[in-house]
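Take a look at the structure below.
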Amino acid sequence: MEKMEIKVLQACRALRVRADRKASFRRAEEKSRQMKEFRELCARRAPMFWVPLRAHCVWERMSVTLTCTVMGTPRPTVQWFKNGQPIELRTSPPAKYKIRNEYGMLTLEIRRCSMEDSADYSVVATNDFGQATSFANVLVKEYEGLKAGWDSVSYPSLLPSYEGEFTSVLGPVFTREKESFRLSCSVSSSLERHKPNVQWFRDGILLKDTEHRKLSCEGCEVSLHGSPAFKEDEGFYTVSVPAASGHQEQTTYMFVKDAPPESPGVPGSPLCVQCHDIQMDCLVLSWIPPSDDRGSPVCGYYIESFDTSTNQWIRCNEIPAKICRYPVSGLIPGHTYQFRVTALNQVGVSHPSKPSDPVTTRDPSLEDRTIVIPYSEGRKIAVNKDELKEDVKVPSSPRNVRASEVTEDYVVLCWDEPDPRGKEPLKYYVEKSISGSNYWERINLEEPVSSPRLALLDLDKDKSYSFRVQAVNKYGISDQSEPSAPISLKKVLALPPAPGHILALRDTKTSALVQWDKVEATPEILGYYLYSRKVGEEDWQPVNNKPLQCTRFTVPELQTGKDYEFCVRAVNEAGLSERSPTSNPLNINEAIYCPSAPYDFALLSCGKDEMTICWKAPKFTAGKEILGYFLDQHDSMEVSWQDVSNEPIPSRVYKVTGLTEGHFYEFRARAINMAGVGKMSEPSDLFKCEEWTMPEPGPPYDVRCREVRDSTLMLHWEPPVYTGISPINGYIVEVCEEGTEAWRKMNEEPIMESHMRISELDTDKSYQFRVLAVNTSGPGIPSLPCDPVVPTTKEGTNEIEVGVDEEGFIYLSFENPEPVDNPQFLWSKDYKGAPDSDRTEISTDGNKSKLILTNPSEEDVGTYSVEVLNTDGVSASHNLTKEELEELMRKSHDVRHPLIQKISGWNVEVLENGDVRLWLQVEKLSPAADLEMILNDKIIQNTPKRKITFDKENGLIEILKEDFGEEDKGTYTAKIVDGKASNHFSVTLIGEDFDKVFDESQKKQKAWKKKKGPHFKEQLHWKVTEDCHVIMICKVTNTSKETTLKWSVDNKPLPNGQFDNETGSGTLIIKKFTNEDKGLYKAVVKDSRGEDTTELDLTKEALSASPLKCKGTAEGIKIYSDVKYFTESMNPVWHHKDKKLSSTDRLKSGSTMEQVWLHIINPTDSDRGLYTLELFDGKDIHKRTLDLSGKDRAKVVRGLPDLATIMVDKTLCLTCHISGDPAPEVSWVKNDKKVIFKDRYKLDVKGTVVTMTIEKICAEDSGRYCITVKNKYGSEIGQVTVSVFKHGEEPEELKNTPDITANLE
C-alpha cells in the first residue's frame, strides 16, 4: 500500500512539473510574440501623403498632370478615381490616361482634356495598416476665341498650341510610273485650326498644291495624293505638324518603279529632264540616266521637243546622244517648249521620260538692258538702256569669243554682245579656222543665229579650232571679232568609279541598312543607285529609281529570314559606274539589342536568414539567349542597394543568403545577352525575412501559356519550392479576365501534372491564370498570375508536321514562323521532359527542327511538344496515336522496301505465226534495274527460240516463244529489282489454260504454214442434190501449176475426185450415199511449197457439238455450244423450260462456222431455268442442255451515290456492294478511260465490298467514274460523278444533294 501511495505521489509531482514547464513555455512564447509584433509595428506604418494633390484649371485640348507623394510600409497599392469611379486603363479611350508610380511619386496624366474631364479626382493608397486618400479638382475651360471674333489670322498668338501627336506611322510607299500614289498618317486630335502650319516636304523642299498633287488635312488625317506618278516624285517625304515645342515630324521614302516595258529588255526611262542657258533660239538640256538597263547597257539617248503652238513631239537628234547633256538649237524665239528623253540599248527604246517644265525662248540680256524707274502712286516706267546711248547704225564687233561648254561630242560657243550694239535686233555669223592655218570658213551659211550661242556638233576630235564672230543688223555687218583661243573636243567623259566598302546591317525584320563610301570624282556625280538580290539569284533588282544623295539607306520590304546581298553604282552625266563589290550576305531579321527588364518577382520560400526568389524573363530579347542575370538586394532599413552576386546568375530562381531575420528586403535584376546588359527592372515588393512554418505549400512559379490557339491553350508551371508539412498531391488552376479579380476554378479536383490543357475560352477576351498547390493541409499560396493572353491563333502559326522522309524514317518536324538566328528548339514527350535519346534523334537545320523515331514501336505513342526559346511563345504539339503510328510504320516500310508497281499483269497472246507472247508492264524503271526470269523454279535465259526482252524505259517485260510445247508448261515468274524497290510477278500456264494456248498456237502455226503454200479457203462440206446425190465441196487458194488435190475416206484413196487448178475448186460426188459410204473423208492439197488438209466426218456421230457453256458479256449472258463445222441443215432450235424460243430484242440467236449461240440481253430472274439446244444431223435430233437455276450474274447491289462532292487535299473513298456467283471480276474507268491503281489510287476488294480510294484529291480527279462487275452469267455497271471544290468554296452540288454516301476522310 505504501509503495502504491509513493508511486501516486511521484506521478502527481511529475505531472505538476510537466504542467509548470508547459505554462512557462507558453508565457515565453506569448512574450516573444508580443515583442515580434511590437518590432513589426515599429517598422510598419499606414500610408501617408507627404505631398498631396493640388487643383488644376486648364483649357480644353490641353494636357494636365496630377502629382502627389505617398509614404508607407509595406509599399501601398494605389487606385485612382474620377468622381468616385475607378479609372481603368483597359476601358478608357486609348492614350487618354497615363498612370505612373515611381518610388512613391504618383502621377496621373490626362491628355487632350475635354469638358467631360472636369471632375473631382482622388487617389487612394492602401496597405495592411490602413489607407490614405488625397483629393484634387480639375476644371477644364472651353476655348471661345473664334466665337468672340478672335481667329488664328488676326490673333495667332492667342490660339492654344496644338497638343496632338501622331497615332500612326508614315510607312514607305511603293508605286509605279503612270499610277497614282498616296501618303497619309493620322494624329490624335483635329488639325482643322492648324491647317496653315501643316507642311509636306520632299527631299527638304516644301511642296505646294499643283494640278497633279493635292495636300489634304481633314480632321485627324493628313495626306498627300498624286496622279500620275513619275520617277521624279521618288524621294524622302516629310510631314510636319505643329507642337507645343515647335513642330513634330515623320519621314518616309516613296519608291517609284519603272513602268512595264513595251518589249522585254528595253531600259527604263530617263528622269529629271532640265533646261539650262535658255536663249532666243537654243538651250542646253540635261537629264539623269535610268537605274535599270534590264541586262543591256544604255548606248544613247533620243531627245524630243514639243512646241505648244504645234502640239507635236519632234525628234531633235538623229544620232543618239552619248552623255546625259545635249544642246538643242533651231528654236523659234518667243515660243514655249517642253522636252523629253528616251533611252536606247541594243534591245530597243525605252518609254519617254516625264516632260520637262515648259520654257519660253527669250533674250536673257533684255532684263540687264532695261531700267525700271518708279514714280507717283506706285507706277513704273521701263527704259531700254540702248535708248540712252549714242545712236549707232552698224554694230561694233562682238567680244570675248569663247567656249562655254566642251564635251566629247560638241562645243557650245558663246560671246559677248557688241558695245555699243545699236537699237536694232542683232544676229551673228560665226567662222572657224583650224589652228595654225589662216583659212576661215563660215559655219552658218544659211541663216545667222539670233543668240550669242552656237552649238557645234561636227568638229573633228583630233583637231584644234579658233572661232570669230560678226554681228549684223538691218544697217550692215560689223567687223570680225578677235579670234578665240584654240578650242578642241574633250576626251571621252569618264564613268565614275564604283563605290567601295559596302556594308549591310540589320535594321528590322523586313529591312536592312546599307552604307558605302562617298565617291569623289570629276565631274561631280549625280547620286547613287542601290541594288539588291537574294543570295543565289543572278539578276539585281534596283532599290531606288532616283539617285540617292546620301551614302546610307534603309532598304524596306525584304523577306524575313532570307539572305540578301547589295551593291551600289554611282551616276554622272556619262552614265552608271561599274557595280561596287557585293556586300556580305545578310540574313534579314531584327537587329540585335539588349534585353528588356525582368519583371514580376515572387517569394518562393523563406528561412531565418535566406530567401528563395524568382522572376520572369524579359519580354523582348531580340531572339538571343539570355546569358544570365545580375541581381541586387535592398534592405528597407538601409539606403543603398547591394549586389547579390558579382557573376551572372544563370537561372531565374535564386536563393539569397546572409539576410537578417525580421528585416524587409526588395530586389531588382538586369538581364544580359550577347548584345550587353539590359534595362534594370522595377524593384520588387518588400519581402519579410521570416522562416515559413505554415503547413500549406508555397506558391508555384513560372506560370506560362503555350500552344495558344483559338479558344484553347496549354498552361505550364513549376512546382513550389516550399511544399509544407506534406508532399504536393495536386494543383488547382484559377482564371480571371484581365482587369478583374474574379478568380474562378478551372478544375474542382486537383491534378497531379504541372500542365493543363484549357479550352472553351472566348477569343475576344484577355485572360490571366494562376495556380495553387495542394497538400493534405489544403491549398497553398497562389502563384503570380501569368501574363495576359488572348486565346486566338496568330497569323502564320505553324503546327508540327508528321510524316515519313525519303529514307523511310518517321519524323515530326516544326518550322519556326518567327525567324531568329540559331533558334533553340525544346522538344518534350507527354510534357515530361525530352524524349528518350535512345529512341529519337533530333536535328536542327536553319529555322526548322526535326525529331526522328529511330526505332518506332508502341512505346513512341504519346504527345510530342516543341517550344522555340527566346521567342514570343512559339510552340506546338501533336498527339501521336497508335493508329497513326501504325499507318506511318506501314508507309515507312513501303519507303524502305518499295514495291515496283504493276501497270498491266501478265498477258498471254498467240501471234499470227503461232509464236506465244507473254508480256508484263510495270512502272518506269531506272537504267540500273535488273530482271530475273524463272520457269518452274529454274532461271531461264534469252535464247533464239525463247527471246526475253526487258524495256526499262517503258517497264515492259516480254517473252516470245517459238514452237510452244510441253516444255513451256508451268509457272513463269519475273523478279525485278530497281535500287531499293523490288517485286515479282507470276503467271501459271497449266491445265486448261495451257491446253487452250497450245491448241491455238498449233492451229495458228498450222494456218501460218498453210498460207505460205496452197491452203483451203473453204473447208470440206457437203450438200444433197435433187437427185439425192451427195456432193463434197472444198476450195483451195494460192495454187500453182504443180498443186494437186487428193481425196481419201478412212485413209483409202478415192480416185474420182475432181480439182480445178485455176479456180481452186475441188468436188467429190457420191451418187448413192449408203452406210458403206460413211467414214472420215479427207482432202489434201499439196505442192513443193507445202500442204493443207481438210476433213469431214460422215459417220453416225457426225454431229460433234460440245455441251452448252455460259459466259457473261457487257450486255448480258451468252449461252453457246462449239461445233466442228456448222451448216444451215443442222437447223438449231432453242428451248427454255420446254418453251420454244424465238429471236427478239432481248433474245438473240445465231451461229458461226464453229459455234451456235443464244444471247440474253439484260437478264432477269425470269430467265433462270433449263435451256435446251436441238441440232439435226440429217437423220437424228441431238440435244444439249444447261441449267441456269441458282446461278447469279454479276451485279452492283448498293452503295454508290449519284454524286460525291469533296474538298481538295482530302481522301475520297467510293464503296459499293456487289454480288454474283461465281465471284465477279471488278474494273473501274474514269471518263471512259481505265483507272490504273498506283500512287494515289488504291483498290480494295473484301468479299462483296469493293472500295476505291483516291488520296490527296485534286481538281483533275473530278469526273464520272464507272465500276464494271462481270462473271460468266452477266455484267453490270455502276456510276458516280465526283466533284472536287477548293478551300473556302461551297459547291452548289453540296447544297442540292443532302445525302452523299461516299466516305470522306
Side-chain angles (χ1 to χ4, degrees), residues 802-806 808 810 856 881-907 920-925 955 976 978 980-986 1194 1196-1201 1203-1220 1223-1270 1276-1285 1300-1305:
V802 183
V804 178
D805 61 17
E806 296 178 354
I810 299 174
T881 62
K882 180 180 178 181
E883 293 75 13
E884 184 180 14
L885 181 60
E886 290 176 351
E887 178 66 18
L888 291 170
M889 293 174 66
R890 184 187 64 80
K891 291 182 178 180
S892 174
H893 182 272
D894 291 344
V895 173
R896 294 185 177 185
H897 308 89
L899 292 177
I900 296 174
Q901 297 298 317
K902 175 179 66 177
I903 296 178
S904 177
W906 279 109
N907 296 269
L920 162 75
Q921 187 172 15
V922 298
E923 61 183 323
K924 181 180 179 181
L925 302 174
I976 311 172
D978 190 4
K980 292 183 178 180
S982 64
N983 209 340
H984 68 276
F985 307 93
S986 299
V1196 179
V1197 180
R1198 58 185 173 87
L1200 283 181
L1203 174 69
T1205 57
I1206 187 171
M1207 187 166 64
V1208 295
D1209 295 333
K1210 298 293 185 180
T1211 298
L1212 172 66
C1213 293
L1214 296 175
T1215 301
C1216 66
H1217 294 260
I1218 63 175
S1219 66
E1225 299 176 357
V1226 178
S1227 63
W1228 285 84
V1229 296
K1230 171 194 171 186
N1231 296 334
D1232 299 328
K1233 294 183 179 180
K1234 185 176 180 181
V1235 176
I1236 298 175
F1237 290 97
K1238 57 181 289 189
D1239 298 334
R1240 297 186 297 110
Y1241 286 78
K1242 310 293 181 184
L1243 178 63
D1244 184 26
V1245 181
K1246 294 183 179 178
T1248 61
V1249 180
V1250 178
T1251 302
M1252 182 178 73
T1253 304
I1254 307 176
E1255 299 175 350
K1256 293 184 180 179
I1257 198 163
C1258 58
E1260 290 74 12
D1261 295 319
S1262 296
R1264 178 170 293 277
Y1265 289 78
C1266 299
I1267 179 174
T1268 301
V1269 293
K1270 178 181 178 181
E1276 188 169 292
I1277 297 176
Q1279 298 181 348
V1280 58
T1281 299
V1282 176
S1283 175
V1284 182
F1285 61 93
I1300 295 177
T1301 58
N1303 293 326
L1304 305 180
E1305 296 182 357

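Keep in mind it's a predicted model, so treat the numbers as computed, not measured. Position 1 is the first residue of the sequence; numbering continues from there.
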*Point-to-point distance, once rounded to the nearest 0.5 Å, from CD1 of I810 to CD of E887*: 10.0 Å
_Between V1226 and I1218, is there a side-chain heavy-atom distance shorter than 4.5 Å?_
yes
*Can any side-chain N or O of N1231 pair as donor or acceptor with the backbone N or O of R1264 at less than 3.5 Å?*
yes
*Contact summary for A981 and I900, nearest pair of heavy atoms*: CB-CG1, 3.8 Å
*Is the number of heavy atoms from other residues, nucleotides or ligands within 6.0 Å of NZ (K1234) greater than 12?*
no
*Among side-chain atoms of S1262 and S1283, is any donor-acceptor pair under 3.5 angstrom?*
no
*Measure across V1208 and A1259 and return the closest heavy-atom pair with its distance rounded to 0.1 Å.*
CG1-N, 4.4 Å
*Taking the side chain as C-beta and beyond, is there a heavy-atom pair between Y1241 and I1236 under 4.5 Å?*
no
_Spatial distance of atom NE2 (H984) from atom CG (L899) [nearest 0.5 Å]_ = 9.5 Å
*With K1242 via salt bridge (Lys or Arg N to Asp or Glu O under 4.0 Å) - residues at least two apart*: none
*Single hit among R890, E884, K882 for side-chain contact (heavy atoms from CB on, under 4.5 Å) with E886*: K882
*Would you mind reporting whether V922 and F985 have side-chain heavy atoms less than 4.5 Å apart?*
yes
*Nearest heavy atoms of T1253 and C1213, plus distance in Å*: OG1-SG, 3.7 Å
*D805 side chain to G808 main-chain N or O, any donor-acceptor pair under 3.5 Å?*
yes
*Taking the side chain as every heavy atom from C-beta outward, state whether T1211 and I1254 have any pair of such atoms under 4.5 Å apart.*
no
*Test item: T1215 and V1249 side chains (from C-beta on) under 4.5 Å apart, heavy atoms*: yes
_Run L925 and I976 through side-chain contact (heavy atoms from CB on, under 4.5 Å) and show every step you take._
CA-CA 10 Å; L925 302 174; I976 311 172; 3.9 Å; yes
*asked:* Would you compute the distance between atom CG of N907 and atom CG of L920 and round it to the nearest 0.5 angstrom?
replied: 8.0 Å
*If we only count heavy atoms from C-beta on, is the K902 to N983 side-chain gap below 4.5 Å?*
no
_Is there a side-chain contact (heavy atoms from CB on, under 4.5 Å) between T1251 and L1214? Walk through the geometry before answering._
CA-CA 6 Å; T1251 302; L1214 296 175; over 6 Å; no
*Does any non-hydrogen side-chain atom of Y1265 lie less than 4.5 Å from one of M1252?*
yes
_If we ignore hydrogens and angles and just use 3.5 Å, is the side chain of E923 paired with the main-chain N or O of Q901 as donor and acceptor?_
yes
_I1267 and C1216: CA distance, side-chain angles, deciding distance, side-chain contact (heavy atoms from CB on, under 4.5 Å) verdict_ = CA-CA 9 Å; I1267 179 174; C1216 66; 3.6 Å; yes
*Do the non-hydrogen side-chain atoms of V1282 and D1261 ever get within less than 4.5 Å of each other?*
no
*asked:* Donor-acceptor pair, distance only, cut-off 3.5 Å: does the side chain of R1240 make one with the backbone of E1255?
replied: yes
*Assess whether side-chain contact (heavy atoms from CB on, under 4.5 Å) is satisfied between E806 and V895, documenting all intermediate values.*
CA-CA 7 Å; E806 296 178 354; V895 173; 5.8 Å; no
*Mind checking the CG-CD1 spacing from D1209 to I1206? Nearest 0.5 Å is all I need.*
10.0 Å
*Any chance NZ of K1230 has more than 12 other-residue heavy atoms, nucleotides or ligands included, within less than 6.0 Å?*
yes
*Any idea which heavy atoms bring C1266 and I1277 closest together, and the distance?*
CB-CG2, 3.9 Å
